[in-house]
Novice: 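Shown below is the structure under consideration.
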Amino acid sequence: MVGVRKLSYAKALNMALADELAADPAVCVFGEDIVAGMAGLTLGLHKRFGSDRVVDTPLSEQGFAGMAIGAALAGRRPVIEFQIPSLLFLVFDQIANQAHKLSLMTGGQLSVPVTYIVPASGSREGWAGQHSDHPYSIFAHVGVKTLVPALPSDAYGLLRSAIQDPDPTVVFAPAQAMGSREALDIAELAPVPVGSARVHRPGTDVTVVALGHLVAEALLVADELAGEVSVEVFDPRTVYPFDWAALTESVTKTGRLVVVDDSNRMCGFGAEILASAAEAMPLVAPPRRVTRPDGAVLPFARQLDQAVQPQREHLAAAIRAVMDGR
Amino acid sequence: MVGVRKLSYAKALNMALADELAADPAVCVFGEDIVAGMAGLTLGLHKRFGSDRVVDTPLSEQGFAGMAIGAALAGRRPVIEFQIPSLLFLVFDQIANQAHKLSLMTGGQLSVPVTYIVPASGSREGWAGQHSDHPYSIFAHVGVKTLVPALPSDAYGLLRSAIQDPDPTVVFAPAQAMGSREALDIAELAPVPVGSARVHRPGTDVTVVALGHLVAEALLVADELAGEVSVEVFDPRTVYPFDWAALTESVTKTGRLVVVDDSNRMCGFGAEILASAAEAMPLVAPPRRVTRPDGAVLPFARQLDQAVQPQREHLAAAIRAVMDGR
Amino acid sequence: MTGSVSARAGMALDTPALRYRMIRLIRGFELRALDLVDAGEIVGGIHPYIGQEAVAVGVCAALRSDDLITSTHRGHGHVLAKGSDPARMMAELAGRETGLNRGRGGSMHAADVGLGILGANGIVGASAPISVGAAWAAHHAGTGQVVTTFFGDGALNQGVLLEAMNLAALWRLPVLFVCENNGYATTMPISGAVAGTVVGRAQAFGIPAVTVDGMDTEAVLAAAHEAVTRARAGDGPSFLECLTYRFEGHHTMEKQYRLDYRTDAEIAQWRQRDPLALAGARLSTVERERIDAEVDEQLAEAVRYALDSPHPDPAGALDYLYASGLRGRAGWSA
Amino acid sequence: MTGSVSARAGMALDTPALRYRMIRLIRGFELRALDLVDAGEIVGGIHPYIGQEAVAVGVCAALRSDDLITSTHRGHGHVLAKGSDPARMMAELAGRETGLNRGRGGSMHAADVGLGILGANGIVGASAPISVGAAWAAHHAGTGQVVTTFFGDGALNQGVLLEAMNLAALWRLPVLFVCENNGYATTMPISGAVAGTVVGRAQAFGIPAVTVDGMDTEAVLAAAHEAVTRARAGDGPSFLECLTYRFEGHHTMEKQYRLDYRTDAEIAQWRQRDPLALAGARLSTVERERIDAEVDEQLAEAVRYALDSPHPDPAGALDYLYASGLRGRAGWSA
Ligand SMILES: Cc1ncc(C[n+]2csc(CCOP(=O)(O)OP(=O)(O)O)c2C)c(N)n1
Ligand SMILES: Cc1ncc(C[n+]2csc(CCOP(=O)(O)OP(=O)(O)O)c2C)c(N)n1
Ligand SMILES: [Mg+2]
Ligand SMILES: [Mg+2]
């Protein structure tokens, strides 16, 4: 597996997990149907690493999320796969109230290196309201490290970093990115530091912050508008911790800011970026957000589902509005 | 119980619940130790309304939060009391993924009039990390109606409105407000509409947005700075839905904005207010937030606990900074 | 206040012929739905109920029309057996405005409140406490309603279902817990997931629990009838373990994978106990053929109805989000 | 990798005299802690363990020093019995930098990882799956460690605890589930909360479960010894129901209310089976008095140590938040 190839996002995650399992005997995986590997993440890993390392669990998310903490306290580095983003709601106590808090509450005696991964977050067309959430803003609010890779290389590099990290970390792999491919040299895949942004396309007029599958959309819009406005596409890669220095640099250059964000508007990721920019960055025009609506629940029918997700045309309109100083 | 008296916040909640139980036979209450009424909310209500209406439950938060949905679907208006704010994490699936979504997902066939109330949210000195959360921003993000009354009269009025509301609603009663008192005429207590803000003190230089127990702090700071700066103290009373029209009016007048917010900084309520103002309100100076730190976990020791909560001195400094245009 | 949710009467299921008819209806519905998934008319796929029809039909045959049910991700059979119009159900799967949920819910969230169907659920186990709460309300309102909650063997490991059983037992509520033990939760065999026995898990809460042949409608009906009678008499919840099997993959998406969690031989063996054949064998060939023809006609019409129905207007994407009519802010401005 | 968490040896508990000594230590510790709550030196109050000492001591007497435990909101007894220094524990309750958790955790979160104490927990039931996970790790590392999880009767109704029992049973993990049945969850009597029996709930998962006299250390020790032996032999989890009683209120705050969930007569009756007296009766008066004097001296020193210790520096309020050393943004700028 050397040399340049078109690597898919799903395969990149699978390789990252395999490489971590191979590199560190403490790494193990819990989840439902992960022996079969239907979500792609664990494909072939049970065969390679065995039942002691890749463990199919009963439908007891709270139970095995709690177990992952205990295993972590005893020296393991568990990765847990969740089939549905909202299963994170089911284990919110285990993540936000247990894993996240144990280090501080024990005065540093404990640390909880657990990785939670949803290898199909956000809308999966036709899966309706309970399967289409994108709750990364919630985990960032709580203060759990929250990673949303956009490209296969980042999916690889961030998953490796998440597993190596001594703290609990949630990785969202957007369903709409899972099939994307990137031409790259496998030998150059490497861990990507948590908290470091990446500028996918430099620009001088406006900074567009995009996450996950929306990075590709933002790049398309930037191309579309190229004759009109010079767009810098800024991908934080990790929602929390956020690379404020890099954003400050970008906005200092462009003076204008648009965020496109697949989470609900109110108190979402987009709100944080705008707020932080308004506090401390030199904006020359009011910033804008393109988000899911307040309180959004994704309806089932395709037309409705799409009507609730941020689309390229809205991003283009927001960019134009910001350029107009509206 | 007529005429002017000093009504405590806890008693106001208790009266609101009693009045709703008396007014509507569909209203019922579930929770732990609510027959004894230790949290104050349900004091005396079991005696008055009986075991069919005021129901002590086993320690099965998910079970009874689910039950409340079912009872609501069958025509009841359940109120659930939680002894600890983070118990909302335990039932996050029931609130965010079930109660909140059923109306849209069933095309309006179902509605879920459940009220969730935490009669001691935020820091309770000495209760440490798992008992001191103030997660209102999370519920607002999800789109669940989220109320944080500051005064006894609002505690009364908002709890009544929450119970009458056809949608799921979370009410946070800050521990640090529970003992506060207000001189008022009991006969004038009335439901307070969800989504309507209240200006506690008019001012012309800067709008300070404060919620819950921080309203009283903001008023003290406004007094303190009175010779220096004219502070308008703006209490949204409900985090979601938010009274944007009223805030726009206030900020249009003052041109300056500071938010004091007892939730974590990242993607919190304060972020939303600053973002919305930056997008569409006529700010003449960069706005500021005073919040809990990113990812905060409240440490046990009193000195540490306090060091993590927003304090008056920080609010005063933020107001001065905004006045200086810093 | 309770009872208002269930006014319309469903299909009568009180003879073996009517029960055969319903099994045939569900089977035919699912086969047509599979076709529509392949054709791209049903987006996102379905969890087919094929093979398990005797459970839904046997249980619903024991219910009153004002009784309530909650269902699962594999819920089409429950919804049809309780009486929903297959045309509106198919329209829902096809995401049309005429669907049961106006195209907002789809396969995993079908509800028909007028028939006492409080809804399927995408989260395994989540329906159980909802049912217990509805039963609590019915109990206190004295309506005599019984609430049935369907779930799979996988749900037995969800804490919230166990909590719900405890609450129902403690308060002697009129709940019927129906476990459709089809041997697997997706690829996980029950032996790898459930320590102890299925009925033992319910019995530990003091809930009467029996195991029945879930391929035989009449056996399911008999057991359900006993349980429902007990609930209606005020004697609390019961638990049925129905031994059954799904003939298709877990979800239509399963076809994309080569999975080996069960053998062809095992599937073939269970297919020999096809509930459709078992129920059909109770009728004369003539009667069976007459029913089959009627049902096929009805289903052809249902498919036509679904596909002829309008798609929802995107402008209404957030309609029904709040029962109060609240409108939050859009995600972008014009 | 496992095993590193438990290096230091706790107090030996291998004679009746040593066990009496530990019961006396816990009792004395709690009485002094109650005084410090009254004096305002312990902020937020405590859940006193008084009356239940025989459980912690009997169970911990059956453990190896490298065995692990998890505990509850009512956890002082468990932590002391596993060997923590009462001075550092008292310093923790008083919120001092010298406390077990450097004053960051307080009463409900005391941990002492070097002694295998993975921590108390403020959320009822939450420790159980953590213990199962640690047991899973120990099992696969072949350390022979056993993990004990203490919980109250109230926790029996938490789904996550039931899930944890299923997982432990399924995978035959070395876990000892210890239910301290003190008859109440705050004001809720067990009869109002638990349908079926306590041991039946564990047995339903195929877990061997027995009920023992939780006021008698020796009875607890015997049952725990059997369970621990089974776990160490690779024969999976066990469950102990220890019948016990708390002599004080649920929490020190309870004094503010006039609660009538239990009668004075009931309390008096249980006090006649005081575990301290039962354990003391096994020793000569001389020996007992010698131990009492030693313990009182030790505890006086512990209180002195705690109160003389420095308060943490507010500048370090968020120290230890991230093991990686990550520092988030402050809540305000200077
Ligand atoms: C709590 C939860 N965990 C996981 C899933 C994903 N999932 C959907 S169906 C299913 C298997 C369910 O098995 P079972 O309960 O036996 O029902 P069956 O599919 O066999 O009808 C899983 C794992 C889910 N929807 N909810
Ligand atoms: C999940 C959860 N629900 C509620 C509480 C509040 N609470 C703390 S202790 C307690 C009672 C616990 O009873 P039990 O488990 O019997 O332990 P005991 O207090 O009797 O030792 C309650 C309700 C909590 N901490 N966690
Ligand atoms: Mg199944
Ligand atoms: Mg108890």
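What's counted below: heavy atoms across the whole structure, side chains too, no hydrogens, waters or symmetry copies.
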Novice: Please classify the contact between A:Phe242 and chain D as side chain, backbone, both or neither, with a heavy-atom cut-off of under 4.5 Å.
Specialist: neither
Novice: Is it the backbone or the side chain of D:Leu321 that comes under 4.5 Å from a heavy atom of chain A, or both, or neither?
Specialist: both
Novice: Does one side chain, of D:Ser71 or D:Lys82, offer a donor that lies under 3.5 Å from an acceptor on the other?
Specialist: no
Novice: Classify the angle between the aromatic ring planes of A:Tyr136 and A:Phe172 as parallel (below 30°), tilted (30 to 60°) or perpendicular (above 60°).
Specialist: perpendicular
Novice: So, A:Asp56 side chain and A:Val35 main chain: donor-acceptor pair closer than 3.5 Å or not?
Specialist: yes
Novice: Judged by atom type as modelled, is there a donor-acceptor pair below 3.5 Å linking the side chain of D:Glu92 to the main-chain atoms of D:Gly105?
Specialist: yes
Novice: Let me know if A:Lys101 has heavy atoms under 4.5 Å from chain D in its side chain, its backbone, both or neither.
Specialist: neither
Novice: Can you tell me which portion of A:Gln98 sits under 4.5 Å from chain D's heavy atoms? Options are side chain, backbone, both or neither.
Specialist: side chain
Novice: Tell me, out of A:Gly143, A:Ser111, A:Ala68, who's got the most heavy-atom pairs with chain D below 4.5 Å.
Specialist: A:Gly143
Novice: With a 4.5 Å limit on heavy-atom distance, are the side chains of A:Gln164 and A:Leu159 in contact?
Specialist: no
Novice: Who among A:Cys28, A:Pro166, A:Pro113 has the most heavy-atom pairs with chain D under 4.5 Å?
Specialist: A:Pro166
Novice: Side chain of A:Arg237, backbone of A:Ala150: donor and acceptor closer than 3.5 Å?
Specialist: no
Novice: Quick check on D:Leu162 against chain A: is it the side chain, the backbone, both or neither that has a heavy atom closer than 4.5 Å?
Specialist: neither
Novice: Chain D heavy atoms under 4.5 Å from A:Glu61: which part of the residue, side chain, backbone, both or neither?
Specialist: backbone
Novice: Tell me, side chain or backbone of A:Ser276 under 4.5 Å from chain D's heavy atoms, or both, or neither?
Specialist: side chain
Novice: Please classify the contact of D:Ser131 with chain A as side chain, backbone, both or neither, using a heavy-atom distance under 4.5 Å.
Specialist: neither
Novice: Using the side chain to side chain contact (heavy atoms under 4.5 Å, CB included) definition, which of the options D:Leu80, D:Asp85, D:Ile69, D:Ile117 pairs with D:Asp112?
Specialist: D:Ile117
Novice: Would one find more than 12 heavy atoms of other residues, nucleotides or ligands at under 6.0 Å from atom CD of D:Glu97?
Specialist: yes
Novice: Under 4.5 Å from any heavy atom of chain D, what part of A:Val194 do you find: side chain, backbone, both or neither?
Specialist: neither
Novice: For D:Ala317, is it the side chain, the backbone, both or neither that has a heavy atom under 4.5 Å from a heavy atom of chain A?
Specialist: backbone
